[in-house]
Structure formats: C-alpha cells, structure tokens
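Values in this document were obtained by computation on a predicted structure and should not be read as measured data. Here, residue 1 is the first one in the sequence, and each next residue gets the next number.
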Amino acid sequence: MLTSFYTALSGINANSQAINVIGNNLANINTTAYKGSRANFAELLGGVSYGADGNPIQLGLGTISAGVSPLFTQGSIQATGRPTDVAISGNGFFVLSTGSG
C-alpha cells in the first residue's frame, strides 16, 4: 500500500520538475539567444522478483527527475543591418575573452 503511494508521489514530483522547466522556457521565449531546456527522467527500480514461471520481474518504484539538459538547436537568424552584429549558422559557439584572458 505504501509503495503504491510512493510510486504515485514520485511521478507527481517528477512532473512538477518538468512543468518548472517548461515555465522557464516560456518565460524566456523572447530573450535574445536564449536556449531552451528539457527535463530528463529515470525509472526507479526496487528489485527483482520471480513469477510463477520462473521469469524475473523487475519491480518499479516510480520515477525521478534525472536532470535538465540544454537544447542547442539552431534558432532563426535575422538581418539587423548593423555591421557589428554576427551569428553562427550550424554547430559552434562564440569564444569571448577579456583584455587579459
């Protein structure tokens, strides 16, 4: 009984994390150069038992948020008419440095 409650609660907690990530993506949708994120999940396994036929059965204990990954997808490039504005089309990052490093 308690295990089934924990399984349901772990799903609610993981879903809450996913909603937080989505909310952050939406809040920053118009921010220049913002890269969105994606919530990752992992299954919690409690152990292995064996069925009547002798085959192993993995017992699940729910899910957990396994972190947040940034999405490095290509955004749209828009012409600004200013010669100091630059963009990268494809894979890559701008490397910035200060005067001393």
Side-chain angles (χ1 to χ4, degrees):
M1 171 73 177
L2 195 56
T3 303
S4 62
F5 177 73
Y6 178 76
T7 301
L9 187 59
S10 72
I12 291 171
N13 287 334
N15 194 37
S16 174
Q17 175 68 25
I19 290 172
N20 286 338
V21 171
I22 292 168
N24 190 44
N25 287 340
L26 290 174
N28 289 293
I29 199 165
N30 290 323
T31 303
T32 302
Y34 176 75
K35 295 295 183 184
S37 299
R38 171 184 33 225
N40 299 313
F41 303 98
E43 184 178 4
L44 295 173
L45 296 176
V48 177
S49 67
Y50 294 91
D53 57 359
N55 289 327
I57 301 170
Q58 288 186 325
L59 300 175
L61 291 176
T63 188
I64 190 170
S65 176
V68 178
S69 300
L71 300 174
F72 292 109
T73 55
Q74 176 72 46
S76 63
I77 297 177
Q78 299 174 347
T80 62
R82 294 185 297 245
T84 56
D85 291 348
V86 294
I88 295 177
S89 180
N91 295 333
F93 293 95
F94 283 114
V95 177
L96 304 176
S97 67
T98 62
S100 62

Inset, instruction - Would you kindly confirm whether I64 and Y6 end up in one hydrophobic cluster when ILVMFWY residues are joined by side chain heavy atoms under 4.5 Å apart? - result: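 Same cluster: I64 reaches Y6 through Ile, Leu, Val, Met, Phe, Trp or Tyr contacts under 4.5 Å.
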Inset, instruction - Indicate if I88 and V86 have the same hydrophobic cluster label, given that clusters are the connected sets of ILVMFWY residues with side-chain heavy-atom separations under 4.5 angstrom. - result: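 Yes: a chain of side-chain contacts under 4.5 Å links I88 to V86.
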Legend entry - Point-to-point distance, once rounded to the nearest 0.5 Å, from CG of N24 to OG of S37: 6.5 Å
Legend entry - Rounded distance [0.5 Å steps], CD1 in I12 versus CD1 in I19: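 Nearest 0.5 Å value for the CD1-CD1 distance: 10.5 Å.
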Legend entry - Beyond-backbone contact of Y34 with N25, side-chain heavy atoms, under 4.5 angstrom: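 Side chain of Y34 against side chain of N25, heavy atoms only: contact under 4.5 Å found.
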Closest non-hydrogen atom pair between [X] and [Y], with its separation:
X: Q17; Y: S65; result: CG-OG, 3.2 Å
X: L71; Y: K35; result: O-CB, 3.5 Å
X: F41; Y: A14; result: CE2-O, 3.3 Å
X: G62; Y: S10; result: CA-OG, 3.3 Å

Legend entry - Residues, nucleotides or ligands: over 12 heavy atoms within 6.0 Å of D85 CG: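 It does: D85 CG has more than 12 such atoms within range.
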Legend entry - Residues, nucleotides or ligands: over 12 heavy atoms within 6.0 Å of N55 CG: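 Yes.
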Legend entry - Side-chain (T63) to main-chain (G11) donor-acceptor, under 3.5 angstrom: no
